[in-house]
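These notes are about the structure you will find just below.
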2 protein chains.
Amino acid sequence: MSVMTEPQTGAGKPPAARKLVEPTYEGDFVLDEPLLLESGRALAGATLHYAVYGRLNAARDNAVLVCHALTGSALVGSWWPEIFGPGAVLSLENDFVICINILGSCYGSTGPGSVDPETGRVFGPDFPLVSVRDNVRAQAQLLDSLGVRCLRLVLGGSLGGMQALEWAILFPQRVQRALVIAVTPVSAMGLALNHLQRQAILHDPDWLGGHYLPQRPPRRGLALARQIGMLSYKSAGLFDERFARHPNRNGEDPWSLDHQGGGLIGGRFDIAGYLDYQGERFIDRFDANSYLAILRTMDTWDPSHGHASSAEVFGGIRAQLTFVGISTDWLFPPQDVRRFAAEIRAAGVQAGYREMISSHGHDAFLAEQAELVRLLQ
Amino acid sequence: MSVMTEPQTGAGKPPAARKLVEPTYEGDFVLDEPLLLESGRALAGATLHYAVYGRLNAARDNAVLVCHALTGSALVGSWWPEIFGPGAVLSLENDFVICINILGSCYGSTGPGSVDPETGRVFGPDFPLVSVRDNVRAQAQLLDSLGVRCLRLVLGGSLGGMQALEWAILFPQRVQRALVIAVTPVSAMGLALNHLQRQAILHDPDWLGGHYLPQRPPRRGLALARQIGMLSYKSAGLFDERFARHPNRNGEDPWSLDHQGGGLIGGRFDIAGYLDYQGERFIDRFDANSYLAILRTMDTWDPSHGHASSAEVFGGIRAQLTFVGISTDWLFPPQDVRRFAAEIRAAGVQAGYREMISSHGHDAFLAEQAELVRLLQ
């Protein structure tokens, strides 16, 4: 039905689907102590689900951390396989690659669908705000447990890039290089898009204030949220090229006399059929409360928040940073990424900028992996 | 609450609000015969609500037709007052200005909330698709009744521009000049945005398949639809400039420990408060089924649809056309408007192109009227 078969943003497919590069190990790490959150709350019994690829060498200097985007999973080999290609960014022979599912997700780490050990009930809407920084602190404990002190590289796109940069800020001694792709603190337009996605879920009567039953989740609201997100992951040019003003390929006619829903609705255009398909696919693989939790994690990330100067925030970074902007990305426009890199450079940090030329939009770092690999070589 | 107090897209305020330029007459015109629609159906007893400004001169050569956008009204003096300024585009002394509410609307012309004379019941979701061309044919009958054969100018932005161009195509003998602002046939991204707005309304349980009660309309769905639309009427730069990443000005805190809806939701950013306010304002002035009807009118407009060549469609135009693109418009990007003008010029038509430099986005033709007037002088 869709001509776009590549993974979508954050498109960790659901764990187990399309394992193109198999992990060496996949498992859970449970934090010893309650995780103290920036918000002041604590998350007890926090579990991080993670996957590793390759092996840590004797010198323990070959570790790489990959951080995933909004709806991704720990299985980086499944959603970013070409990064592992011969001569690409990562090597299964030489690197020890770790990828950790973000807190709040529904792919193994503690999230709104988990049981709160303090109450014995599912967190649901009471799941706390877990910031990007909170995640990075928890991830550091997991890396400690694996014997990884130093990362030769930490990388990610979108929310993954937020984590990568936060690693460089928070643990300057532990990060040699960070690759920050298609991200800045979320702009006003990004906050707007996330707000409307949130509203779409909250408006669904099945959401029930976040207390929905697993067998009756807010499917329509989550689908609409995903569809709003999809607009921002793609570019207008890509949509014109692939869908133009064609009627839906299933034969519906936008000019038809009367269609489902009477004269007010009409048959769908092809782009509408595509979006509906994307919404349907998504609700089978993701949880609405997890989506809300991670949107908030993204929205609230702003390393400069509460600081007087950029130098104060970024000045301590020792890693060599590379920022990547995507030419047609309108969620995190390349000029914003370039400006962000320049701001950090002005704080005395090594921070390069490269631009990926792609018609694809924000999603290009997932949809055009070969291009990304070429850019980074 | 909002720093944006200018009228929004299609922002005919509800009739009676902010009458900055008073009409000479405001009234209804009822078509004699059923209006035969492009879809094959007929609309019986169709009524056009309209307003006129100034007086038709003896030579009957001073008539101007203004066509409104998606949610506008016949009261062009209220939503486009600066067009009437001294030395501006229109003159109350010299012009006879007509503005006609589009069919499907809830501002006086026949729409889904009207009674179908054939059934005696409200149309509701059975309101037929009324195309831009259908509207123009009906408008021509109204102009006939006013004794207006020839228009010295027909103009409009967005959906209004669609009507202006359609006038030049359909009645080449009657139009001397047409001014087509910020519009082309809706692109794939535009169709996508309209589809999601439609879904937002359809998902609202109060929509009831279009058979909602007047006292219980699908308010949340319509508000969300409007909010999605708002994103496309404004620019990312404008949002950054006006809202940035500021917390909502009412004092909510996005980083707060717990806010309405628990840890998953949090306090709003300023842009979210603005969008919510826009949604709230809109549901007090517009009808959900009308919104659906007019979205479909927009979506289906494509003069080339079903024709083999541009020359066949546009070659008969005799009017002098001027297209205006807006530099930051991402709903109808200026390069698309420029290309559209060039396509029509290639058919042997006088079709100029001008670009309005504005940070505002699509809405600039309403929000920055003085700029538009300057460009057109």
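Chain identifiers are assigned alphabetically (A, B, ...) following the order of the sequence lines, protein sequences preceding nucleic acid strands; residue numbering begins at 1 within each chain.
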* Asked: Which one, A:Gly221, A:Ala244, A:Gly279, A:Ser290, leads in non-hydrogen pairs under 4.5 Å with chain B?
  -> A:Ala244

* Under a 4.5 Å heavy-atom cutoff, which of A:His195, A:Glu38, A:Arg198 has the most pairs with chain B? -> A:His195

Structural part of [X] lying under 4.5 Å from a heavy atom of chain A:
X: B:Val130; result: neither
X: B:Asp299; result: both
X: B:Leu275; result: side chain
X: B:Ile271; result: side chain

* Asked: Looking at B:Ala236, B:Pro333, B:Ala223, B:Ala192, which makes the most heavy-atom pairs under 4.5 Å with chain A?
  -> B:Ala192

* To do: For chain A, find which of B:Leu37, B:Leu295, B:Leu202 contributes the most heavy-atom pairs closer than 4.5 angstrom.
  => B:Leu202

* Which residue, B:His246, B:Arg245, B:Arg268, forms the side-chain contact (heavy atoms from CB on, under 4.5 Å) with A:Leu191? -> B:Arg245

Atom pair [atom1]/[atom2] of [X] and [Y] - distance to nearest 0.5 Å:
X: B:Leu231; Y: A:Leu193; atom1: CG; atom2: CG; value: 5.0 Å
X: A:Leu196; Y: B:Arg226; atom1: CG; atom2: CZ; value: 12.5 Å
X: B:Phe239; Y: A:Ser187; atom1: CZ; atom2: OG; value: 10.0 Å

* Asked: Hey, mind stepping through A:Phe243 and B:Met189 against side chain to side chain contact (heavy atoms under 4.5 Å, CB included) and telling me if it holds?
  -> CA-CA 9 Å; A:Phe243 304 104; B:Met189 181 61 88; over 6 Å; no

* Could you give me the CA-CA distance, side-chain angles and deciding distance for B:Leu224 and A:Leu224, then say whether side chain to side chain contact (heavy atoms under 4.5 Å, CB included) is met? => CA-CA 11 Å; B:Leu224 182 54; A:Leu224 182 55; 4.0 Å; yes

* Under 4.5 Å, heavy atom to heavy atom, which residues of residues 300-307 of chain B contact chain A? -> B:Thr300, B:Trp301, B:Asp302, B:His305

* To do: Go through B:Arg296 and A:Leu264 one step at a time and tell me if the side chain to side chain contact (heavy atoms under 4.5 Å, CB included) criterion holds.
  => CA-CA 7 Å; B:Arg296 198 170 175 211; A:Leu264 292 185; over 6 Å; no

